[in-house]
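A short write-up of the structure that comes next.
Order of the sequence lines fixes the chain letters, A, B, ..., with proteins taken first and strands second; residue numbering starts at 1 for each chain. These numbers were taken from a predicted model, which means no experiment stands behind them.
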Amino acid sequence: MRLRALHDWTLTTAEARDLQLKLAPKINTKTPLKPWRTVAAADVSYNKFDPWLYAAVVVMKADTFELIERVGVVREATFPYVPGLLTFREAPAVLEAFAQLKTTPDVILCDGQGIAHPRRIGLASHLGLWLNVPTIGCAKSRYIGEYDEPGPERGARSPLVDDGEVIGAVLRSRAKVQPLFVSAGHRIDLEGAISVVLDCAVKYRIPVPAAAAHGFVNELRRAAVEGKPLPV
DNA sequence: GCGACAG
DNA sequence: ATCTTGTCGC
């Protein structure tokens, strides 16, 4: 798919934060979700103390979760993991995978926060600007914000609030599992983000496409470590 | 100064 | 993020 190069990725941590402040006003979290036929998910894996990143994106049909396409990328990390700057570590590899995609998905699930971020521009939001496709932040744990524990039933949710602002939702994707932290990425509103996550979490806590992307990046990583040919 | 801190 | 078997609870 086509993507727009908005800026360089070789930055210092101070420059990265400045860039986030500059880009944050461009994030759109008011657009209602339109009917979606395909859904993509992106993920990254790596070994601690190793510079290699294994990134992938999978695209599936929204109704059956039939795999339409998937792309894997192996790339050297150029940025450390710094809370608040996860984007600068993972996005370059993820975007490379998206660039190789033949199709353009209707909506994208990202492993991390959307606007539930100190500067309101987490990984999902930032990727949305580059991809110009609705993106959703679907994190497995809290980064910022306060909330009350949602009820134990599937679909139960409670607002995630920071500085008096609702920045996302704490969502129980399946009965009695640990909740997911869902926030709008870009070009989608919170309700739309929640409905996609819920529609995709049909068997386990993690949405089907996200689980597939996670499984794929781990396959890539293990194959690479054993010197085997990388799965395509 | 202390504690928190997506992946 | 990753290293890992069994074990507790529904």
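Judged by distance alone, the side chain of A:H186 and the main-chain N or O of A:N28 form a donor-acceptor pair under 3.5 Å. The backbone N or O of A:A56 sits nowhere less than 3.5 Å from a side-chain atom of A:R70 that would complete a donor-acceptor pair.
As judged by a 4.0 angstrom heavy-atom cut-off over every strand, A:L123 is placed among the base-contacting residues. At the heavy-atom level, A:G137 lies nowhere under 4.0 Å from the strands shown. In this structure, A:L53 reaches neither bases nor backbone, as no heavy-atom distance under 4.0 Å exists between it and the strands shown.
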Fill in the blank from the handout: DNA chain C in dot-bracket form (Watson-Crick or G-U pairs under 3.5 Å, [ ] crossing, | inter-strand) is ..........

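The side chain of A:Y143 contributes no N or O atom lying less than 4.0 Å from OP1 or OP2 of B:dG7. Remark: A:R142 is in phosphate contact with B:dC5, judged by side-chain N or O atoms under 4.0 Å from OP1 or OP2.
Cluster partners of A:Y204 are absent, since no Ile, Leu, Val, Met, Phe, Trp or Tyr has side-chain heavy atoms less than 4.5 Å from it. A:L160 shares a hydrophobic cluster with A:Y143, A:I144, A:Y147, A:I167, A:V170, A:F181; the chain of contacts runs through ILVMFWY side chains whose heavy atoms sit under 4.5 Å apart.
Taking a cutoff of 4.0 Å between a charged side-chain nitrogen and a carboxylate oxygen, A:R75 and A:E96 qualify as a salt bridge.
Within the structure, side-chain hydrogen bond (donor to acceptor under 3.5 Å, both in side chains) pairs that include any residue of residues 151-166 of chain A comprise A:R120-A:D162, A:R120-A:E165, A:R157-A:E191 (at least two apart or interchain).
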Please write out the pairs of protein N or O atoms and N or O atoms of nucleotides 7-10 of chain C separated by less than 3.5 Å, giving the distance to one decimal.
from	atom 1	to	atom 2	distance (Å)
C:dC10	O3'	A:K176	NZ	2.6

Protein and nucleotides 1-4 of chain C: nitrogen or oxygen contacts under 3.5 angstrom:
from	atom 1	to	atom 2	distance (Å)
C:dA1	OP2	A:K140	NZ	2.9
C:dA1	O4'	A:Y46	OH	3.4
C:dT2	OP1	A:S45	OG	2.9
C:dT2	OP1	A:N218	OD1	2.7

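In this structure, A:F79 places its CZ atom 13 Å from C1' of B:dG7, rounding to the nearest Å. Regarding A:R119, its CZ atom lies at a distance of 16 Å from the P atom of B:dC5, rounded to whole Å. Distance A:D162 CG to B:dC5 C1': 13 Å, rounded to the nearest Å. Counting to the nearest Å, the C1' atom of B:dC5 and the CZ atom of A:F181 are 13 Å from each other.
Of all heavy-atom pairs between A:K203 and A:R174, the closest is O-NE, 3.5 Å. Minimum interatomic distance between A:I115 and A:S183 (heavy atoms only, all atoms of both residues): N-OG, 3.6 Å. Shown here for A:E15 and A:T10, the closest heavy-atom pair between the two residues is OE1-O, 4.5 Å.
Ring geometry for A:F88 versus A:F79: interplanar angle of 30 to 60°, hence tilted. Below 30°, between 30° and 60°, or above 60°: for A:H7 and A:W130 the angle between ring planes is above 60°, a perpendicular geometry.
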